[in-house]
Amino acid sequence: MLKKAIFLLAVLFMGCSENRPHSINFYIWKSTPDLSQPEQELFRELHSEKIYLRFFDIDLNGAKPKPQGILSTFSSQFLKADYIPVVFITNRIFKNLSASESKKLVKNTTELIQEIADKHQLKFSEIQIDCDWTASTRATYFAFLSELKKKTAKQITCTLRLHQVKFKDKPAFRPLKRCT
């Protein structure tokens, strides 16, 4: 028993070694982000590599999806990091979205992401989509993600909500297929 305890402690200490940096990444969720000097120092101290930067939201304006809260000012010069554009899409967008409307939404979304990245001189290899999809919007949402993957050479990642994990065994909450 003592040998097992010593072995577990040794594994624990090796895993917590300061020689092996652990990366913690950050989300910036403001239209006009400005990181203070202490925030920049914390980013460096934590060996962070990525900043997930909210580019805009998409919500209904009348009956049509429209971008809102577009990233207006930003300078990536203060931190060396991989910047990942994040787009939040409200769930109501996917409730009655046809296949042709979904393709148009993908086109408009990718064009606006690229326009914002160009404006702020950001290079990126990943796009993250944030959506509170539900059982009733699952199929449309995953069709949108699949179309987005076809349209861009970027890696597509998604957020996952706790209710989606809680009900993961219910068929309505299982992903239709892997989209990346």
Side-chain angles (χ1 to χ4, degrees), residues 23-33 48-76 81-180:
S23 179
I24 296 174
N25 300 310
F26 288 80
Y27 278 84
I28 299 177
W29 212 258
K30 297 178 182 178
S31 297
T32 54
S48 298
E49 299 169 351
K50 295 181 180 184
I51 293 180
Y52 291 85
L53 185 60
R54 183 193 141 282
F55 270 32
F56 57 93
D57 300 339
I58 301 175
D59 199 359
L60 290 177
N61 184 350
K64 297 188 180 229
K66 295 283 183 190
Q68 300 176 355
I70 297 171
L71 181 69
S72 58
T73 59
F74 182 72
S75 175
S76 63
D82 291 330
Y83 290 91
I84 292 93
V86 180
V87 176
F88 174 75
I89 306 175
T90 61
N91 186 46
R92 64 178 147 252
I93 294 287
F94 296 106
K95 287 193 178 185
N96 298 307
L97 195 68
S98 70
S100 64
E101 291 169 327
S102 183
K103 287 182 180 188
K104 184 176 180 182
L105 181 60
V106 166
K107 178 184 179 293
N108 293 343
T109 301
T110 56
E111 287 175 358
L112 185 53
I113 288 169
Q114 192 61 56
E115 181 182 314
I116 294 168
D118 291 347
K119 176 183 175 184
H120 300 292
Q121 300 174 356
L122 296 172
K123 294 189 182 344
F124 62 97
S125 60
E126 176 183 342
I127 297 170
Q128 187 167 92
I129 303 297
D130 182 16
C131 180
D132 299 331
W133 61 272
T134 61
S136 65
T137 59
R138 176 188 74 135
T140 309
Y141 173 65
F142 279 92
F144 168 83
L145 293 175
S146 294
E147 187 65 30
L148 182 63
K149 181 61 182 163
K150 288 179 200 172
K151 178 81 173 156
T152 182
K154 312 294 184 191
Q155 179 182 7
I156 305 299
T157 58
C158 312
T159 58
L160 188 62
R161 300 293 191 261
L162 292 176
H163 74 271
Q164 294 159 339
V165 174
K166 180 179 178 182
F167 300 116
K168 71 181 182 311
D169 294 330
K170 293 186 177 187
F173 284 93
R174 286 192 203 124
L176 297 175
K177 61 182 176 177
R178 188 179 171 139
C179 60
T180 58

Query - Pairwise distance CD1(Ile70) to CD1(Ile116) - rounded to 0.5 angstrom - result: 5.5 Å
Query - Which atom of Lys149 lies closest to which atom of Gln155, heavy atoms considered - result: NZ-CA, 4.1 Å
Query raised in the report: Picking from Leu71, Val86, Thr109, what satisfies side chain to side chain contact (heavy atoms under 4.5 Å, CB included) with Phe56?
Result: Thr109
Query raised in the report: Phe144: what forms a ring-ring contact (aromatic ring centres under 6.0 Å, His included) with it, not counting sequence neighbours?
Result: Phe94
Query - Minimum-distance pair of heavy atoms, taken over all atoms of Leu145 and Cys158 - result: CD1-SG, 3.4 Å
Requested in this report: Only counting residues at least two apart or in another chain, list the ones meeting side chain to side chain contact (heavy atoms under 4.5 Å, CB included) with Asp82.
Outcome: Lys50, Ile84
Requested in this report: Identify, with sequence neighbours excluded, every residue that meets side chain to side chain donor-acceptor pair (under 3.5 Å) alongside Glu115.
Outcome: none
**Report entry** Results of salt bridge (Lys or Arg N to Asp or Glu O under 4.0 Å) for Lys151 - residues two or more places apart only
**Finding:** none
Query raised in the report: Do Trp29 and Asp130 pass the side-chain contact (heavy atoms from CB on, under 4.5 Å) test, and can you show the C-alpha distance, the side-chain angles, and the key distance before you say yes or no?
Result: CA-CA 12 Å; Trp29 212 258; Asp130 182 16; 3.5 Å; yes
Query raised in the report: Ignoring hydrogens and geometry, is there a side-chain-to-backbone donor-acceptor pair from Lys119 to Ser72 under 3.5 Å?
Result: yes
Report task. State whether the side chain of Asn25 and the backbone N or O of Glu49 hold a donor-acceptor pair below 3.5 Å, judged by distance alone. Result -> yes
Query raised in the report: Yes or no on side-chain contact (heavy atoms from CB on, under 4.5 Å) for Leu122 and Phe55, after CA distance, side-chain angles and deciding distance?
Result: CA-CA 11 Å; Leu122 296 172; Phe55 270 32; 4.0 Å; yes
Query raised in the report: Between Tyr52 and Glu126, is any pair of side-chain heavy atoms under 4.5 Å apart?
Result: yes
Requested in this report: Look only at the side chain of Thr137 and the backbone of Lys95, and say whether a donor-acceptor pair between them is shorter than 3.5 Å.
Outcome: no
Query raised in the report: Between Lys150 and Glu147, does a side-chain contact (heavy atoms from CB on, under 4.5 Å) hold up when you go through it step by step?
Result: CA-CA 5 Å; Lys150 288 179 200 172; Glu147 187 65 30; 4.0 Å; yes
Report summary line: Residues pairing under side-chain hydrogen bond (donor to acceptor under 3.5 Å, both in side chains) where one sits in residues 57-66, two or more places apart or in two chains, turn out to be Arg54-Asp57, Asp59-Thr90, Asp59-Arg92
Report summary line: Taken to the nearest 0.5 Å, the spacing of Ile89 CD1 from Ile58 CD1 works out to 4.0 Å
Query raised in the report: Closest approach of Leu60 and Pro65, non-hydrogen atoms and distance?
Result: CD2-N, 3.9 Å
**Report entry** Enclosure of Asn96 CG (heavy-atom neighbours >12, cutoff 6.0 Å)
**Finding:** no
Query raised in the report: Got a sec, which residues hit ring-ring contact (aromatic ring centres under 6.0 Å, His included) with Phe26, two or more places apart in sequence or on another chain?
Result: Phe43
Requested in this report: Quick one: sort the Tyr141 and Trp133 rings into parallel, tilted or perpendicular, breaks at 30° and 60°.
Outcome: parallel
Report task. Please round to the nearest 0.5 Å and tell me the distance separating atom OG of Ser102 and atom CG of Leu97. Result -> 5.0 Å
**Report entry** Note, Ile127 side chain near Ile129 side chain (heavy atom, < 4.5 Å)
**Finding:** yes
Report task. Look at the side chain of Thr110 and the backbone N and O of Lys107, then say whether any donor-acceptor pair between them is shorter than 3.5 Å. Result -> yes
**Report entry** Working for side-chain contact (heavy atoms from CB on, under 4.5 Å), residues Leu105 and Glu101
**Finding:** CA-CA 6 Å; Leu105 181 60; Glu101 291 169 327; over 6 Å; no
Report summary line: Between Asp118 and the options Gln121, Gln114, His120, the side chain to side chain donor-acceptor pair (under 3.5 Å) test singles out Gln114
Report summary line: Taken to the nearest 0.5 Å, the spacing of Thr152 OG1 from Phe124 CZ works out to 6.5 Å
